[in-house]
Chemist: 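The structure's right below; bear with me while I get my questions together.
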Amino acid sequence: MRLEKCFFCSSTVYPGHGMQFVRNDSKIFRFCRAKCHKAFKKKRNPRRVRWTKAFRKAAGKELAVDHSLEFEMKRNVPVKYRRHLWKQTMGAMKRIESIKLKRQNHYIRKRLKAGKELAKEEDAKEVEKNIHLLAPPITRARKSKAKEPEAMEIVMPA
């Protein structure tokens with residue numbers, strides 16, 4: 001079973017799914033859905049369309065340079081089937097997938113770290129600005145009692 005990649009968004013196209021466009025020079029373009037096909041016909045650049053994998057890599061939102069990504073490259077060389085080779089390959093594929101996930105998670109955490117630090121700085125500024133609201137409740141009660149005038153008794157002559 002050969003899994004192709006969508007020409008526009010780089011998602012996986014499973015057998016029997018998507019559509020194919022063959023240009024006059026015999027170049028084959030595979031698309032996962034009509035959305036990608038329509039965008040291709042409108043001559044849109046995948047690097048400028050926000051939902052594509054190309055945009056995410058170009059904008060630095062996804063890991064672009066990683067040696068584990070080279071294993072996904074298409075190879076047109078036929079290999080003779082051997083059971084032990086197949087077992088090794090399947091084990092290696094699982095290991096590569098786990099390594100790739102770890103690297104992607106690390107990259108995402110590193111990228112989001114700067115935003116968390118900015119949020120902490122903004123929170124610290126807000127606390128400094130409104131520190132009077134955070135005074136302990138006992139001292140607030142004392143201050144409010146000190147500020148309130150004493151109730152006066154008014155005696156009406158009978």
Side-chain angles (χ1 to χ4, degrees), residues 1-140:
M1 178 168 81
R2 173 166 275 182
L3 303 178
E4 304 288 345
K5 292 285 182 187
C6 175
F7 180 79
F8 196 77
C9 71
S10 303
S11 66
T12 307
V13 181
Y14 291 94
H17 293 264
M19 61 190 75
Q20 216 169 257
F21 172 71
V22 182
R23 209 166 46 190
N24 285 340
D25 64 350
S26 317
K27 172 97 171 92
I28 299 172
F29 300 96
R30 288 182 176 81
F31 303 102
C32 58
R33 54 187 179 262
K35 180 181 182 181
C36 297
H37 188 221
K38 205 177 279 188
F40 175 78
K41 286 194 290 187
K42 288 181 179 179
K43 298 184 179 181
R44 292 211 171 123
N45 188 347
R47 289 182 301 246
R48 292 192 182 156
V49 180
R50 296 184 69 87
W51 50 268
T52 62
K53 199 127 180 148
F55 173 84
R56 293 188 61 77
K57 284 186 179 181
K61 294 183 177 291
E62 218 167 83
L63 194 60
V65 181
D66 189 19
H67 296 294
S68 65
L69 298 174
E70 293 174 8
F71 290 105
E72 286 185 18
M73 292 174 67
K74 185 176 167 185
R75 292 170 184 82
N76 287 326
V77 179
V79 179
K80 191 171 182 180
Y81 175 79
R82 294 188 193 111
R83 181 172 284 172
H84 74 280
L85 181 64
W86 184 81
K87 281 185 180 180
Q88 286 179 344
T89 305
M90 294 308 291
M93 285 171 65
K94 289 177 185 174
R95 180 78 178 121
I96 289 166
E97 190 64 30
S98 68
I99 290 170
K100 190 164 69 169
L101 281 174
K102 284 180 185 176
R103 287 180 180 174
Q104 286 175 346
N105 290 338
H106 176 72
Y107 181 78
I108 290 169
R109 267 190 257 114
K110 191 172 82 174
R111 198 169 56 85
L112 295 177
K113 195 175 187 180
K116 286 182 182 178
E117 290 174 2
L118 286 174
K120 281 184 182 180
E121 287 176 15
E122 288 176 13
D123 292 343
K125 286 179 185 176
E126 180 127 11
V127 167
E128 284 179 26
K129 185 178 177 184
N130 300 316
I131 193 74
H132 63 280
L133 298 173
L134 297 175
I138 298 170
T139 56
R140 263 196 261 152

Chemist: Throw together a table of side-chain donor-acceptor distances under 3.5 angstrom for residues 46-54, partners on residues two or more places apart or in other chains.
Modeler:
from  : atom 1 : to    : atom 2 : distance (Å)
Thr52 : OG1    : Pro46 : O      : 2.4
Thr52 : OG1    : Val49 : O      : 2.9
Thr52 : OG1    : Phe55 : N      : 3.3

Chemist: Return the CZ to OG distance between Arg103 and Ser98, rounded to the nearest 0.5 Å.
Modeler: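 Answer for the CZ-OG pair, Arg103 versus Ser98, is 10.0 Å.
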
Chemist: Does a sphere of radius 6.0 Å around CZ in Arg95 hold more than 12 heavy atoms from other residues, nucleotides or ligands, not counting ones at 6.0 Å or beyond?
Modeler: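 12 or below, so no.
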
Chemist: Partners of Phe7 by ring pair (Phe, Tyr, Trp, His ring centres under 6.0 Å), sequence neighbours excluded?
Modeler: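 Phe7 satisfies ring pair (Phe, Tyr, Trp, His ring centres under 6.0 Å) with Phe29, Phe40 only.
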
Chemist: Lys80: which residues meet the side-chain contact (heavy atoms from CB on, under 4.5 Å) condition with it, sequence neighbours left out?
Modeler: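 Here no residue qualifies.
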
Chemist: Nearest 0.5 angstrom please: Lys113 NZ to Lys116 NZ, how far?
Modeler: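 Those atoms lie 9.5 Å apart.
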
Chemist: What are the two closest non-hydrogen atoms of Cys6 and Cys9, and how far apart are they?
Modeler: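 Here Cys6 and Cys9 meet closest at SG-N, 3.5 Å.
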
Chemist: Give every residue pair that meets the side-chain hydrogen bond (donor to acceptor under 3.5 Å, both in side chains) criterion with at least one member in residues 12-25, sequence neighbours excluded.
Modeler: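 side-chain hydrogen bond (donor to acceptor under 3.5 Å, both in side chains) check on residues 12-25 returns Gln20-Arg30, Arg23-Asp25.
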
Chemist: Check whether more than 12 heavy atoms from other residues, nucleotides or ligands sit under 6.0 Å from atom CE of Met93, and answer yes or no.
Modeler: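 Counting neighbours around CE of Met93, 12 or fewer heavy atoms of other residues, nucleotides or ligands fall under 6.0 Å, so no.
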
Chemist: For residues His37 and Phe21, report the shortest heavy-atom separation together with the two atoms involved.
Modeler: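 Closest approach of His37 to Phe21, heavy atoms only: NE2-CB, 4.3 Å.
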
Chemist: Applying salt bridge (Lys or Arg N to Asp or Glu O under 4.0 Å), name anything that partners Arg44, two or more places apart in sequence or on another chain.
Modeler: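 Partners of Arg44 under the salt bridge (Lys or Arg N to Asp or Glu O under 4.0 Å) test: none.
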
Chemist: Among all residues two or more places apart in sequence or in another chain, which pass the side chain to side chain donor-acceptor pair (under 3.5 Å) test with Arg33?
Modeler: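 Here no residue qualifies.
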
Chemist: Taking only residues at least two apart or on different chains, which pairs with a member in residues 81-93 satisfy side-chain hydrogen bond (donor to acceptor under 3.5 Å, both in side chains)?
Modeler: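 Passing the test, one end in residues 81-93: no pairs.
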
Chemist: Below 3.5 Å, can you tabulate the donor-acceptor pairs from side chains in residues 120-130 to any protein atom, sequence neighbours excluded?
Modeler:
none

Chemist: Mind checking the OH-NZ spacing from Tyr107 to Lys61? Nearest 0.5 Å is all I need.
Modeler: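 Between atom OH of Tyr107 and atom NZ of Lys61 there are 9.5 Å.
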
Chemist: Atom SG in Cys32, atom CD in Glu4: separation rounded to 0.5 Å?
Modeler: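 Going from SG on Cys32 over to CD on Glu4, the span is 12.5 Å.
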
